[in-house]
Amino acid sequence: MDTRFVGIPEVVEAPAVAVVVDVMRAFTVAAWAFARGAEKIVLAESLDEALVLKERDPDRVALKDGPLTPGFDLVNSPGLLRSADLAGRTVVQKTTAGTVGALAVRDASLVLCAGFVVAEATARVLRARAAERVTFVVTGEDGRADEDLACAQYIARRATGHGADAAGFLGRAAESRAATELAQGVRQGVHPDDVALCLELDRFPYAMVAAPEDSLMVLRPCAVPRP
């Protein structure tokens, strides 16, 4: 499998297969949303679009980065989300990097959204697909976020059948700029457990697949049988 690791600005054409990585925190939050019963997640292009989508269906749950603001129901924090009851609900998510990265590759034949919490399930999808070329979109810091790059590299090694000691990759993520900012409260809308939750390897047994539905990019969980 030929792998490429790119930042969002480097996405100039639709790859065949894309894995969009946002460890801290968009796709850790998405995985938790499904664990809390969400049916699907609509990836919004802007805060305004997120609010419009919620207005069209008030039963939708709108989620964003930063502090809670009028019109939104939740913030982009796994620690704050893990007690939410989302059974059967549709979540509308807009974040600074993760949702932007997924929308940038919306024309790919397969789009997987990932973090450490779904790493092995994501790798199993790639192995089952026998993808010849996979583009990993490292969403944070224009492709320089080490927590996202470490996760992408770990998934790539697992997908190609190579043994990989997760400790080194998780260690890089734990020492990343994003982890430091979350731990120090630099970012808003944060729970003290967020970093630890983002570094829980393979917490969930499903991968997450994003695909166009009625002109929207929709993320859904994808069950992956264990070998």
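Judged by distance alone, the side chain of Lys54 and the main-chain N or O of Arg60 form a donor-acceptor pair under 3.5 Å. Judged by distance alone, with hydrogens and angles left aside, the side-chain atoms of Arg187 form no donor-acceptor pair with the main-chain N or O of Glu181 at under 3.5 Å. Here the side chain of Tyr206 pairs a donor or acceptor atom with the backbone of Ala35 at under 3.5 angstrom.
At a threshold of 4.5 Å between non-hydrogen side-chain atoms, the residues Val190 and Ser77 do not count as touching. Contact check for Glu213 versus Val42: no side-chain heavy atoms found under the 4.5 Å cut-off. Side-chain contact between Leu201 and Phe169 is absent, with no heavy-atom pair separated by less than 4.5 Å. Side-chain contact check for Phe34 versus Phe204: every heavy-atom pair is 4.5 Å or farther apart. Proximity of Ile155 to Leu126: side-chain heavy atoms (C-beta onward) are separated by under 4.5 Å at one or more points.
The shortest heavy-atom contact between Leu197 and Trp32 is CD2-CZ2, 4.0 Å. When all heavy atoms of Leu43 and Leu103 are compared, the closest pair comes out as O-CD2, 3.9 Å.
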Verdict with reasoning, Leu216 to Leu53, per side-chain contact (heavy atoms from CB on, under 4.5 Å): CA-CA 10 Å; Leu216 298 172; Leu53 290 170; 4.1 Å; yes
Check against side-chain contact (heavy atoms from CB on, under 4.5 Å), Leu110 and Val125: CA-CA 10 Å; Leu110 174 64; Val125 171; 4.3 Å; yes
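Counting non-hydrogen atoms of neighbouring residues, nucleotides and ligands closer than 6.0 angstrom, the CZ atom of Arg106 exceeds 12 such neighbours.
Using the six-membered ring where Trp is involved, Phe136 and Phe5 have ring planes that are parallel, under 30° apart on the 30 and 60° scheme.
Scanning for salt bridge (charged side-chain N to carboxylate O under 4.0 Å, His left out) contacts around Glu49 gives an empty result, with sequence neighbours left out.
For the residue pair Thr96 / Asp65, a side-chain donor-acceptor distance below 3.5 Å is found, with atom types taken as modelled.
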